[in-house]
*Asks:* 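For reference, the structure I am asking about is given below.
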Amino acid sequence: MRVDRILDDLNPDQRRAVLHGEGPLMVLAGAGSGKTRVITRRIARLLRDGVPPWSVLALTFTNKAADEMRRRVQDLGGDTVAVATFHSACARFLRQDAERLDYPRGFTIYDTYDRDQCLRMVAEEHGLDLQRVRPADLGRAISRLKNVRVRPAEFRPGHGELDRCVSLVYGPYEARMRRQGAMDFDDLLLNFLDLLEQHPEAAQAYQQRFRWVLVDEFQDTNLVQYQLLRQLCREHQNLCVVGDPDQSIYRFRGAEVRNMLEFQRDFPGTAVVRLETNYRSTPQIVHAAEAVIANNHMRLEKALHTENEPGEPIAVLRAPSPDAEAAAVAAGVRERLQDGASPADVAVFYRTHFLSRAVEEAFRGEGIPYVVVGGVSFFERREIKDLLAYLRAAVNPLDDVSFERILNVPARGFGKAALARLREAANQRACSLLEAVRDPEVRALLAGKARRGAESLASLYEELFTEVAHGAATSLGLVLERTGYREYACGLGDPEDVARSENIDELLTHATNYDAEHAGEGLPGYLQRVSLVTAEEEQGEPKGPRVSLMTVHAAKGLEFDHVYVVGMEEDLFPHSRAAGSDEDLEEERRLLYVAITRARRSVQLSHAAYRTVGGSIRHALPSPFLKELPAEVVARHGAADLRIESQDAEWEGSQETPDLECGARVRHPVYGEGVVLDVSGAGIRTRARIRFRDGAERTVLLDYVRLQILPPRGATW
DNA sequence: CGATCGTCCTTTTTT
DNA sequence: AGGACGATCG
């Protein structure tokens, strides 16, 4: 009998998806049902049937997922297939067609930090009080608008302070970004969509080039990504999307589960395949995950089952303290390792990054090798961002945010006054800061120290402009040599010096490797890559197997034998900021569903009796989600059940806090009448910002103060 | 102008 | 507890 590498080990449903011919295809794939396998095999099948590899485009959301898929596609012989994240694919396409959109080819990509920096400048220009509205808040709000394709002119602000500021700043921000030749992450998608819509000949070229498009984690596409797919596949309709509505966990950045519902409407004749057999986990794990997710109301019907052998119960652990929790996890992991598990088969998840700390310490104490995935990545470090900013300004001299970053780093006598003068000169000449510095007339306006600084910067950039063509590493070397940056950053005294110097070396190595591997791409290509790669895994993994520590978000798409989730506490998981609406709460539940279903063999969920939140200690209640686990598959440790019972009353009690809405009138026992501006937090930590009669705004902890809710009145003040 | 000190505020999740 | 930013002083 003949062996078929592509089809033999697939079940009938998987096979149907792989063999599906032309036309739209949607695969509803439960956790662990072989989703990635279906996509990669489908690609292999297409290639085997004569589809040219360059006409296939496979899209994912995270770099990690893209790397993984690329690896698996390559194993099946598809080395030249384009596998990319949405953002990196768009960036690459835009690089080709930037001019059509009036962007320079060397446009800069701003990460969140740069974006906020840019917003800070704009906000300052418009006299906003940055104490009250932080750039990051503006940035998030604007990003949310971009996710739903609301342009500045279309924005209808609500009554909040934030909206007012956004309406003031959004347009100018866009203008400034354009002037600087910069795009934020959202712009990458938006601008490419604009390109497709406004330039039919360009759209046609992409449609004809990529005749087969496949999308992983489709439940996380936002509106823009969805429209982009529709444009791209408008002619041929050869779009295969794979997703699981129960694993949609990016609502906060605009993901629309609705896309899965509307797909069949927008793509008539869609073939639908359901994958409901879980090949990954024990029945206990599958049952627990299903029981949790069953509490969500907004769901597509889907049932997951497994024929795997039974294993251990789900462990729920209560620890007296965060340190004890971490120690218990470390001890448990140690035991797994002694039983023969590889560290690479074990993972610890948490809802928020800061919870990694305690676990890290415990692991160090136990001598367990670990790696923190995500967090502050290599390319977000101060010294790395500084050096890259030098290069970015060289590739894109319009990029004021980057240039201003390095203008006085290391110090060159550019203080507040000199910077103001430089800005003014640039404004007058309608040019960028770097262009201004290059102008001898402008330099003549500066005082002694700053002038000398400007002279040296100007001459550095004259050289850099020619060096740019020679690649990333030599440009970087030039910057280091001419600025004395290394001495500046690694010179004086603190223990971080060595690490910073090592980081700089690592960047040099990284750049050298890139130049060697991507000869034609040059510095622009390099900068694009480092802007979109969050990865610390970028520099290979020569370090041997390690236990992975990561957020649940980062864990999506991965699987491990043994999974530990720490911080299973109210206000933490579900997160307090997500307690506002049912939609948010359901997303938190999906997050737990994702966490549990990562595990092949065992799951432990733990919580501590208190948590240190911001210097102060907070009593911590077990996550309400823990009560949703079916008793028959759970083993509780550390008197967890007892605590849950005894704390129920307390929990229920805090629910009695009256539901306050923004705009409600209230009476405060001390301050008298006021209007609620904002409600945040949850449970005993629900806070309301209230403006009182005397004009002052105060934040009130609802659990502490009995507010009397007054009947609404016509006028607000 | 820049370094040091003090204060404030933070901690959601990702490209 | 720790980092970022602002104010103050040299």
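Being a predicted model, the structure only gives us computed values, none of them experimental.
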*Asks:* Would A/Phe252 count as stacked on B/dT13 if the rule is ring centres under 5.5 Å and plane angle under 30°?
*Replies:* yes
*Asks:* Between A/Lys449 (NZ) and B/dC1 (C1'), how many Å, whole number?
*Replies:* 6 Å
*Asks:* For B/dT12 and C/dC5, measure between their C1' atoms and round to the nearest Å.
*Replies:* 22 Å
*Asks:* Take atom CG of A/Asp116 and atom P of C/dC5, then tell me their distance rounded to the nearest Å.
*Replies:* 10 Å
*Asks:* Whether the side chain of A/Thr112 and the base of B/dT15 hold a donor-acceptor pair under 3.5 Å is what I'd like checked.
*Replies:* yes
*Asks:* For A/Phe414, answer base if it contacts any base atom (sugar-phosphate contacts may also be present), sugar-phosphate if it contacts only those atoms, and nothing otherwise; contact means non-hydrogen atoms under 4.0 Å.
*Replies:* sugar-phosphate
*Asks:* Do the side-chain N and O atoms of A/Gln219 and A/Asp244 include a donor-acceptor pair separated by under 3.5 angstrom?
*Replies:* no
*Asks:* Once you apply a heavy-atom cut-off of 4.0 Å, does A/Ala578 come out as touching a base, just sugar-phosphate, or nothing?
*Replies:* nothing
*Asks:* Tell me, please, which residues at least two apart from A/Phe210 pass ring-ring contact (aromatic ring centres under 6.0 Å, His included).
*Replies:* A/Phe93
*Asks:* Counting side-chain heavy atoms from CB outward, which of B/dT12, B/dT15, B/dC1 is closest to A/Glu588?
*Replies:* B/dT12
*Asks:* Output the single nucleotide from B/dT13, B/dT15, B/dC1 whose closest atom is nearest the side chain of A/Thr352.
*Replies:* B/dT13
*Asks:* Considering every strand and a 4.0 Å limit on heavy-atom distances, what is the contact class for A/Asp186: base, sugar-phosphate, or nothing?
*Replies:* nothing
*Asks:* Report the distance from atom CD of A/Glu569 to atom P of B/dT12, rounded to the nearest whole Å.
*Replies:* 16 Å
*Asks:* If we ignore angles and hydrogens, is there a donor and acceptor under 3.5 Å between the side chains of A/Glu569 and A/Ser623?
*Replies:* no
*Asks:* When you get a sec, tell me which of B/dT15, B/dC9, B/dT13 is the closest nucleotide to the side chain of A/Arg351?
*Replies:* B/dT13
*Asks:* From C-beta outward on A/Arg577, which listed nucleotide comes closest to its side chain: B/dC1, B/dT11, B/dT14?
*Replies:* B/dT11
*Asks:* In whole Å, what is the span from the CZ atom of A/Phe573 to the C1' atom of B/dT13?
*Replies:* 10 Å
*Asks:* Can you tell me, in whole Å, how much space there is between the C1' of C/dG3 and that of B/dT14?
*Replies:* 22 Å
*Asks:* Nearest-nucleotide wise, let me know which of A/Ala450 and A/Ala554 is further upstream toward the 5' end of DNA chain B.
*Replies:* A/Ala450
*Asks:* Under 4.0 angstrom, heavy atoms only, what part of the nucleic acid is A/Ala418 near: base, sugar-phosphate, or nothing?
*Replies:* sugar-phosphate
*Asks:* Considering every strand and a 4.0 Å limit on heavy-atom distances, what is the contact class for A/Arg140: base, sugar-phosphate, or nothing?
*Replies:* nothing
*Asks:* Return the nearest nucleotide to the side chain of A/Ala417; candidates are C/dG6, B/dC1, B/dT11.
*Replies:* B/dC1
*Asks:* A/His87 on top of B/dT15's base, within under 5.5 Å and under 30°?
*Replies:* no
*Asks:* Using the ring centroid of each side chain, check whether A/Tyr173 and A/His126 are separated by less than 6.0 Å.
*Replies:* no
*Asks:* Here's a test of your reading of the structure: between A/Ser88 and A/Leu419, which maps to the more 5' nucleotide of DNA chain B?
*Replies:* A/Leu419
*Asks:* Ignoring hydrogens and geometry beyond distance, is a side-chain donor-acceptor pair present between A/Asp399 and A/Tyr110 at under 3.5 Å?
*Replies:* yes
